[in-house]
Amino acid sequence: MSKKSGEIAALVKEFGGRELNAHYLGYFSCFNRGLYFEAHDVLEELWLPQRAGENGAFYKGLIQLAGAFVHLKKNRLRPAAALFNLAESNLKKFPGTHEHLEIETVLRLIQLWRGRLETGRFEINPLNAETAPELRLIS
């Protein structure tokens, strides 16, 4: 087991034995704590072996969404916008609710953040502790 795999296992341990995959749940836990790089890594471990499967584009879109916020944390505003575009392209393939996630809500979040970047002409980083996004699963 690599160091990275061990760290990921620790991040998802509390989510084992639930209806949804522990890596999927771990993604949301990390994302909502502002741990976007970790969210990316956690979900990537689920996505890689099944990237050509029916949820491949879905997981890829969520990974890209987390990646966009990694770029924002590093003040890379144009790469963040590019990943928002890619995430939107992948997630809009899944209308309605998918894997307990309301897709339209996520698409609106993407549009909001991309709009903030565009309004600031890619010179103002809209991400701070007060504006950090959250993603919520529904029952």
Side-chain angles (χ1 to χ4, degrees):
M1 178 186 293
S2 72
K3 179 181 178 205
K4 184 176 178 180
S5 292
E7 291 169 356
I8 290 170
L11 288 168
V12 302
K13 182 179 180 181
E14 69 182 279
F15 301 108
R18 299 192 185 176
E19 174 189 354
L20 297 170
N21 183 284
H23 287 83
Y24 184 67
L25 294 172
Y27 169 86
F28 293 96
S29 175
C30 290
F31 188 95
N32 291 338
R33 290 185 287 150
L35 302 173
Y36 307 115
F37 186 83
E38 291 82 353
H40 170 285
D41 280 354
V42 164
L43 195 56
E44 186 177 65
E45 195 164 283
L46 174 62
W47 170 72
L48 281 172
Q50 53 182 309
R51 61 185 169 254
E54 65 184 43
N55 276 333
F58 176 69
Y59 294 143
K60 186 176 183 178
L62 291 176
I63 290 166
Q64 290 164 331
L65 178 60
F69 285 99
V70 169
H71 281 300
L72 287 179
K73 283 182 99 171
K74 294 181 177 189
N75 212 35
R76 299 178 191 153
L77 306 185
R78 288 192 185 275
L83 279 177
F84 283 134
N85 291 338
L86 291 170
E88 180 180 51
S89 177
N90 279 302
L91 292 172
K92 70 182 180 183
K93 298 173 184 174
F94 299 87
T97 300
H98 188 77
E99 295 289 320
H100 298 267
L101 183 63
E102 191 176 281
I103 301 301
E104 191 57 41
T105 300
V106 180
L107 294 175
R108 282 193 305 268
L109 181 138
I110 290 169
Q111 292 161 4
L112 171 72
W113 282 89
R114 186 177 49 225
R116 289 175 175 173
L117 289 170
E118 291 167 354
T119 298
R121 299 179 187 203
F122 300 97
E123 295 172 1
I124 300 168
N125 190 338
L127 182 63
N128 61 54
E130 291 80 40
T131 63
E134 288 192 1
L135 297 172
R136 296 283 174 224
L137 295 172
I138 57 175
S139 309

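Just so it is clear, the structure is predicted and the values come from calculations on it, not from any experiment.
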4.5 Å side-chain heavy-atom contact, [X] and [Y]:
X	Y	result
L109	L65	yes
L137	L25	yes
H23	I8	yes
L43	F31	no
T131	W113	yes
S29	V12	no
F28	L101	yes
V70	L83	no

Heavy-atom closest pair, residues [X] and [Y]:
X	Y	result
G16	A22	N-CB, 4.0 Å
F122	R78	CD1-NH1, 3.3 Å
A80	A68	CB-O, 3.4 Å
L127	A132	CD1-CA, 4.0 Å
L117	P126	CD2-CD, 3.7 Å
W47	I63	CB-CD1, 3.7 Å

>> Using 30° and 60° as the class boundaries, would you call the ring planes of F69 and F84 parallel, tilted or perpendicular?
In response: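 Perpendicular: the ring planes of F69 and F84 meet at over 60°.
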
>> One thing to verify: whether E38 and R33 come together as a salt bridge, which I'm taking to mean a side-chain N less than 4.0 angstrom from a carboxylate O.
In response: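 No, this pair does not count.
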
> Do the ring centers of Y27 and Y59 come within less than 6.0 Å of each other?
Replying inline: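 That pair fails the under 6.0 Å test.
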
What distance do [X] atom [atom1] and [Y] atom [atom2] have between them, rounded to the nearest 0.5 Å?
X	Y	atom1	atom2	result
L91	L62	CG	CG	5.0 Å
R136	N32	CZ	CG	4.5 Å
I110	T105	CD1	OG1	11.0 Å
L86	K60	CG	NZ	7.5 Å
F58	H98	CZ	NE2	5.0 Å
R108	I103	CZ	CD1	11.5 Å

Please check if the number of heavy atoms outside [X] that lie under 6.0 Å from its [atom1] is greater than 12.
X	atom1	answer
E134	CD	yes
F37	CZ	no
R18	CZ	yes

Any donor-acceptor pair under 3.5 Å linking the side chain of [X] with the backbone of [Y]?
X	Y	result
Y36	K73	no
T119	G115	yes
N125	L77	no
R51	L48	yes

